[in-house]
Amino acid sequence: MAKAKTKFYCTECGYESPKWFGKCPGCQAWNSMVEETESVVKTQGMSAPIFHSKEKAQSIINIESDKEPRILTGIGELNRVLGGGIVPGSLVLVGGDPGIGKSTLLLQTSHALTTQGLRVLYISGEESVRQTRLRADRLGALSGELYVLCETNMESIEEAIEQIQPQFLVIDSIQTVFLPEVTSAPGSVTQVRECTTRFMRIAKIRGIATVLVGHVTKEGAIAGPRMLEHMVDCVLYFEGERHHTYRLLRAVKNRFGSTNEIGIFEMGEGGLVEVENPSELFLSERPLGVAGSTVVASMEGTRPVLVELQALVAATHFPSPRRMCTGMDHQRMALIIAVLEKRMGMFLQNQDAYLNVAGGVKLDEPAIDLAVAVSIASSFRDISTKPYDVFFGEVGLTGEVRGVSRAETRVKEAAKLGFRRVIMPEKSMKGWKHPQDIQIIGVSTVADALSVALD
């Protein structure tokens, strides 16, 4: 019999050690080492290298730069996030909170691919085949080329792949799959790493586009070793509130495209529906003529998105004021409040400040600074902004408004949605043709912007 031994693995970075550490020597994370019992004998398939190549090294300029062929998934928002479609032989990892719609998205994608003549194998380790059939009935995703299998044994899954020969493979989820040769439980660090390695070999050697569904921790990160995200070609996060109908699909890693794009869906009775104009969705419930409410033109990849910012400034009852924000960096909000106090003379030290990005969107670009400053000043002075104004611009520590990229695209989106005025950095007004149906006001300082917005 194979001799078993105990090792400790870091759940964050995959660091391996024969003894336990309170602090991981690899990534310096505390309390991340878990004990795993594994066999010292490894199968040939697990230890064999993935690729064997006897080619010699060659100059990069002599290598042909053919574009990767892509398969259109039939879902435009998913194609956008993937960079134009899924690449054959790629390994994609999709994570998200329970019940957010990961299985629904992949089942709809599988059905759309079968309508193009592709053969799809859907491996479900958490639902029976009848449960998957009921979901497919509700989504209208029934097709003769969509094969469903309820299996968690890696060897049985490989036999099914050999028998069906699919062009698209879905594993739902990777935490339920196990290798019999590995003695640790399914979902452990060792099992997840070894099973992912097997699926990576299958995807690369056979050219099968493979999607792995991953569970997430309470912090929102994909469960398992951090090296799991390094092994795959693309990492997608499916975000959103379970009590809201909209969902955001965001790429945090993509070897075949940009990571700045987002896909927006709306959850309905018949499944996920694409949202082609997200600005209208995020502004549909915006109140008009309310102090603290502004509209910012943000960029998500190549797509302009208009989102409402809401600020509330109220007298505090505590020795130190509270600073809370949702949808943006907390430190960025504190920085803007400090600029308003120092440069604009606003006494905010005895005021609680709350900021919310309506719609659950997360904005991380500096171009939202000006809208944040106007929102906080509007609530503090209890003066409402004009309901048809849009703001964008980066705010510096001296109170200046710095230029941002893609100003023309932001202005065109605001004009298309019926906004009448844009307050933006003066330096970003040069080098492009201004639309005639919207007024553009350039400002160089926060004081100029507040005098225009709160007059």
Side-chain angles (χ1 to χ4, degrees), residues 45 50 69-75 78-79 82 85-96 101-180 186-187 191-192 194-215 228 231-236 238 271-272:
I50 300 177
R70 293 183 182 269
I71 303 173
L72 296 180
T73 61
I75 301 178
L78 180 58
N79 292 333
L82 291 173
I86 191 167
V87 177
S90 62
L91 189 62
V92 180
L93 179 63
V94 179
K102 302 184 297 296
S103 301
T104 300
L105 174 64
L106 294 178
L107 197 56
Q108 290 184 224
T109 304
S110 300
H111 174 67
L113 290 174
T114 58
T115 59
Q116 304 177 28
L118 275 71
R119 182 173 298 176
V120 179
L121 176 59
Y122 190 101
I123 305 293
S124 177
E126 300 173 348
E127 296 179 341
S128 64
V129 291
R130 293 184 179 180
Q131 289 176 312
T132 306
R133 168 61 191 258
L134 290 175
R135 186 195 298 271
D137 286 335
R138 178 172 56 86
L139 301 176
L142 297 178
S143 175
E145 292 298 317
L146 176 56
Y147 294 84
V148 180
L149 175 65
C150 179
E151 184 58 69
T152 57
N153 191 320
M154 186 68 206
E155 294 181 352
S156 300
I157 293 175
E158 290 180 337
E159 293 178 0
I161 295 173
E162 180 68 26
Q163 178 183 0
I164 297 176
Q165 298 291 327
Q167 287 89 27
F168 186 72
L169 175 65
V170 178
I171 307 298
D172 188 7
S173 64
I174 186 61
Q175 274 81 11
T176 62
V177 182
F178 70 94
L179 271 168
Q191 288 283 8
V192 171
E194 297 297 341
C195 291
T196 304
T197 304
R198 286 285 189 95
F199 284 120
M200 183 173 63
R201 293 183 60 205
I202 293 173
K204 301 302 180 184
I205 296 176
R206 297 179 178 269
I208 303 174
T210 306
V211 178
L212 308 178
V213 177
H215 295 169
L228 180 64
M231 296 168 65
V232 300
D233 298 315
C234 184
V235 180
L236 306 181
F238 208 37
L272 293 167

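Heavy atoms only: backbone and side chains are in, while hydrogens, waters and symmetry mates are out. Just so it is clear, the structure is predicted and the values come from calculations on it, not from any experiment.
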Heavy-atom closest pair, residues [X] and [Y]:
X      : Y      : result
Ala209 : Pro88  : CB-CA, 4.3 Å
Lys102 : Phe238 : N-CD2, 3.9 Å
Gly74  : Ala112 : CA-CB, 4.1 Å

Nearest 0.5 Å, please: how far is [atom2] in [Y] from [atom1] in [X]?
X      : Y      : atom1 : atom2 : answer
Leu146 : Leu107 : CG    : CG    : 6.0 Å
Leu236 : Leu82  : CG    : CG    : 5.5 Å
Leu272 : Thr104 : CG    : OG1   : 6.0 Å
Thr109 : His111 : OG1   : NE2   : 11.0 Å
Ile123 : Thr152 : CD1   : OG1   : 10.5 Å
Ile171 : Leu212 : CD1   : CG    : 6.5 Å

Taking the side chain as every heavy atom from C-beta outward, state whether [X] and [Y] have any atom pair closer than 4.5 Å.
X      : Y      : value
Leu142 : Asp137 : yes
Val129 : Ser124 : no
Pro166 : Tyr147 : no
Ile86  : Val211 : yes
Leu91  : Met231 : no
Phe168 : Ile71  : no
Ser173 : Glu126 : yes
Val232 : Val92  : no

**OP:** Would you mind checking if Asp233 and Lys204 are paired as a salt bridge, meaning a charged N to carboxylate O distance below 4.0 Å?
**Re:** yes
Original post:
With the threshold set at 4.0 Å, does a side-chain nitrogen-carboxylate oxygen contact exist between Glu127 and Arg133?
Top reply: no
Backbone of [Y] reached by a side-chain donor or acceptor of [X] within 3.5 Å:
X      : Y      : answer
Thr176 : Ile174 : no
Gln131 : Ser128 : yes
Asn153 : Leu179 : no

Subject >> Check against side-chain contact (heavy atoms from CB on, under 4.5 Å), Leu169 and Val120 >> reply: CA-CA 6 Å; Leu169 175 65; Val120 179; over 6 Å; no
Original post:
Do we see a donor-acceptor contact under 3.5 Å between the side chains of Thr73 and Asn79?
Top reply: yes
Original post:
Side-chain donor-acceptor pair under 3.5 Å between Arg135 and Ser103, yes or no?
Top reply: no
Subject >> Working for side-chain contact (heavy atoms from CB on, under 4.5 Å), residues Leu121 and Val170 >> reply: CA-CA 6 Å; Leu121 176 59; Val170 178; over 6 Å; no
**OP:** Would you sort out whether Glu158 and Ile202 count as a side-chain contact (heavy atoms from CB on, under 4.5 Å), showing the intermediate values?
**Re:** CA-CA 9 Å; Glu158 290 180 337; Ile202 293 173; 3.9 Å; yes
Subject >> Selection residues 142-154 - residue pairs positive for salt bridge (Lys or Arg N to Asp or Glu O under 4.0 Å), sequence neighbours left out >> reply: Arg119-Glu145
Original post:
Do you know which of Gln165, Arg201, Gln167 makes side-chain contact (heavy atoms from CB on, under 4.5 Å) with Arg206?
Top reply: Gln165
**OP:** Under the side-chain hydrogen bond (donor to acceptor under 3.5 Å, both in side chains) rule, collect the residues that match up with Arg138, sequence neighbours excluded.
**Re:** none
